[in-house]
Engineer: 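Dumping the structure here so I can ask a few things about it.
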Amino acid sequence: MGSSSSDEFSVVVLASDLGIDARPFLSEIQEEQEPDEQWHDCAQYLSSDEDFSDLDVLQFFSLQGSDKSGNRIFRIVGKYFPAPVLSGERLKKYIFHKICSELPEGPFCIVYMHSTVQKEDNYPGLTILRWIYEDLPSNIKDRLQVMYFLHPGLWSRLAFATLGRLFLSGGLYWKIKYVSRLQYLWNDIKKGEVEIPEIVQSHDDVLEHRPLTDYGIEPDHLHLTEAPSMGHSFGRYEENWKLRDL
């Protein structure tokens with residue numbers, strides 16, 4: 001062990017291969033660096049004077065019934081989310097306020113409906129979502145059991161598969177359960193426990209009749225499959241070629 005001292009600071013060097021327990025030297029420093037999580041307390045969000053009535057009207061984040069495991073449901077309708085006009089800071093305050101004021105004790109889950117979501121209009125971004133989740137009180141994160149991701153598109157599947165582990169903590173990443181159709185959602189949630197908006201039901205009907213939409217292949221809006229056959233035209237050219245050969 002070597003040491004040097006002065007009036008301003010002192011340095012203690014510990015060799016890692018000498019079997020010296022460094023905890024007594026470092027415990028005081030660790031106590032000073034221990035993060036203060038008291039600011040995560042829900043009380044500050046319950047006592048906020050900010051008015052969220054404009055966001056409540058949109059119904060993009062609301063408490064519903066329970067799934068078959070007894071977890072209370074927070075429903076998120078992505079299409080209702082006003083991304084261009086809602087800042088990340090206010091979104092965070094609103095989510096904290098809703099959870100702290102409405103969620104009873106016990107486990108809960110999230111049903112996120114991604115139906116017809118447009119990236120520019122309804123998507124806050126992975127960075128903001130990570131920021132909000134990481135700042136939740138630890139006991140609330142532990143109570144979140146599963147996140148049902150309804151109607152994931154091709155882009156969202158690729159984004160979460162490639163960037164999900166980077167931008168989302170492991171605790172949230174492994175709680176995501178993809179649900180491609182409403183009929184599969186009913187395996188985990190009884191009908192009537194969560195309200196299905198008409199736009200979500202309509203999108204589910206489209207996917208049921210055009211399953212390739214799940215993979216980024218858009219429905220045939222131009223009705224190209226109904227275009228008249230060109231077989232007759234090719235037949236006429238074939239006849240002309242035969243006459244020329246004669």
Side-chain angles (χ1 to χ4, degrees), residues 55 57-69 71-86 91 95 108-130 132-133 144-168 172-229:
L55 299 182
V57 171
L58 299 178
Q59 289 291 300
F60 69 86
F61 188 67
S62 60
L63 186 66
Q64 304 274 301
S66 303
D67 67 4
K68 292 182 179 180
S69 298
N71 305 314
R72 289 302 305 270
I73 299 172
F74 259 119
R75 186 196 69 174
I76 301 177
V77 183
K79 191 62 178 178
Y80 293 168
F81 180 74
V85 297
L86 182 59
L91 173 62
I95 290 178
F108 72 101
C109 65
I110 293 175
V111 176
Y112 170 63
M113 301 178 178
H114 192 66
S115 320
T116 71
V117 164
Q118 299 296 321
K119 183 179 179 182
E120 298 80 7
D121 300 328
N122 316 117
Y123 186 62
L126 281 177
T127 304
I128 293 179
L129 294 178
R130 174 188 171 89
I132 294 175
Y133 178 79
L144 175 60
Q145 302 301 304
V146 60
M147 175 179 172
Y148 302 100
F149 196 124
L150 179 64
H151 295 154
L154 178 63
W155 182 90
S156 59
R157 284 182 180 270
L158 291 175
F160 278 96
T162 56
L163 302 176
R165 296 188 185 186
L166 177 63
F167 286 95
L168 299 178
L172 178 60
Y173 180 83
W174 295 110
K175 291 179 181 180
I176 298 176
K177 180 176 183 178
Y178 295 104
V179 184
S180 59
R181 299 288 187 278
L182 282 172
Q183 63 177 333
Y184 303 128
L185 184 65
W186 306 139
N187 293 334
D188 298 293
I189 301 175
K190 291 182 179 180
K191 290 185 178 181
E193 291 292 329
V194 59
E195 182 181 355
I196 306 299
E198 182 177 351
I199 191 171
V200 175
Q201 183 64 62
S202 299
H203 185 68
D204 193 78
D205 294 340
V206 171
L207 295 179
E208 193 66 28
H209 293 88
R210 297 183 181 273
L212 291 181
T213 306
D214 281 338
Y215 304 98
I217 301 177
E218 295 297 330
D220 185 16
H221 296 298
L222 301 179
H223 306 289
L224 297 179
T225 57
E226 301 176 5
S229 172

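Computation of the quantities below employed the complete heavy-atom set of this structure, encompassing side-chain atoms and omitting hydrogens, waters and symmetry-equivalent molecules. Just so you know, these numbers come straight off a predicted model, no measurement behind them.
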Engineer: Testing the 3.5 Å rule here: is there a donor-acceptor pair between the side chains of T116 and H203?
Structural biologist: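 Checked: T116/H203 side chains show no N/O donor-acceptor pair below 3.5 Å.
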Engineer: With rounding to the nearest 0.5 Å, note down the distance linking CZ in F108 to CG in N71.
Structural biologist: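 The CG atom of N71 is 9.5 Å from CZ of F108, to the nearest 0.5 Å.
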Engineer: Determine the sole option in Y123, Y148, F149 for which the ring-ring contact (aromatic ring centres under 6.0 Å, His included) test with H114 is passed.
Structural biologist: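 The residue from Y123, Y148, F149 that satisfies ring-ring contact (aromatic ring centres under 6.0 Å, His included) with H114 turns out to be F149.
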Engineer: Please examine the side chains of D188 and S69, heavy atoms only from C-beta on, and report whether any two atoms are closer than 4.5 Å.
Structural biologist: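 When only atoms from C-beta onward are counted, D188 and S69 do not touch, as no gap falls below 4.5 Å.
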Engineer: Where the side chain of K68 meets the backbone of W186, is there a donor-acceptor pair that is under 3.5 Å apart?
Structural biologist: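 Checking the backbone N and O of W186 against the side chain of K68, a donor-acceptor pair under 3.5 Å is found.
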Engineer: Taking the side chain from D204 and the backbone from R181, do they hold a donor-acceptor pair closer than 3.5 Å?
Structural biologist: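 Absent.
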Engineer: Hey, what do you get for CD1 (I73) to CD (E193), rounding to the nearest 0.5 Å?
Structural biologist: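 Reported value, rounded in 0.5 Å steps: 6.0 Å.
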Engineer: Checking side-chain contact (heavy atoms from CB on, under 4.5 Å) for the pair L91/I95: CA distance, chi angles, key distance, verdict?
Structural biologist: CA-CA 6 Å; L91 173 62; I95 290 178; 3.8 Å; yes
Engineer: I199 and M113: side-chain contact (heavy atoms from CB on, under 4.5 Å), yes or no, with the steps?
Structural biologist: CA-CA 10 Å; I199 191 171; M113 301 178 178; over 6 Å; no
Engineer: Do R130 and L172 have side chains that get closer than 4.5 Å, going by heavy atoms?
Structural biologist: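 Not touching, per the 4.5 Å side-chain cut-off.
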Engineer: Taking atom CZ of F61 and atom CD1 of I76, what is their separation to the nearest 0.5 Å?
Structural biologist: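 The CZ atom of F61 sits 5.0 Å away from the CD1 atom of I76.
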Engineer: How long is the gap from CG on L182 to NE2 on H151, to the nearest 0.5 Å?
Structural biologist: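 Between atom CG of L182 and atom NE2 of H151 there are 4.5 Å.
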Engineer: Enter the distance from L185:CG to K191:NZ here, rounded to the nearest 0.5 Å.
Structural biologist: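 Here the interatomic distance stands at 10.5 Å.
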Engineer: Of the non-hydrogen atoms in S180 and P152, which two are nearest, and what is the gap between them?
Structural biologist: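 Closest approach of S180 to P152: CA-CD, 4.3 Å.
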Engineer: Do Q145 and D67 have side-chain heavy atoms sitting under 4.5 Å apart?
Structural biologist: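 Contact flag for Q145/D67 side chains = no.
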Engineer: Does E195 reach the side chain of Q64, with side-chain heavy atoms less than 4.5 Å apart?
Structural biologist: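 Yes. Closest side-chain heavy atoms under 4.5 Å.
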Engineer: Okay, side chain of R75, backbone of Y112: is any donor-acceptor separation there less than 3.5 Å?
Structural biologist: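 Flag not set: sc R75 to bb Y112 has no pair under 3.5 Å.
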Engineer: Do any N or O atoms from the side chain of K175 and from the backbone of L144 form a donor-acceptor pair under 3.5 angstrom?
Structural biologist: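 Answer holds: yes.
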Engineer: Do L150 and Y184 have side chains that get closer than 4.5 Å, going by heavy atoms?
Structural biologist: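 No, every pair of side-chain atoms sits at 4.5 Å or beyond.
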Engineer: Are more than 12 heavy atoms, taken from residues, nucleotides or ligands other than Q183, located less than 6.0 Å from that residue's CD atom?
Structural biologist: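 Enclosed: over 12 neighbouring heavy atoms sit under 6.0 Å from CD of Q183.
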Engineer: Evaluate the side-chain proximity of Q59 to V77: yes if any heavy-atom separation is below 4.5 Å, no if none is.
Structural biologist: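 Counting from C-beta outward, V77 and Q59 never come under 4.5 Å.
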Engineer: Between V200 and S115, which heavy-atom pair has the shortest distance, and what is it?
Structural biologist: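 What the structure gives for the nearest pair is CG1-OG, 3.5 Å.
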Engineer: Nearest 0.5 Å please: distance from the CE atom of M147 over to the OH atom of Y133.
Structural biologist: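 It comes to 11.0 Å.
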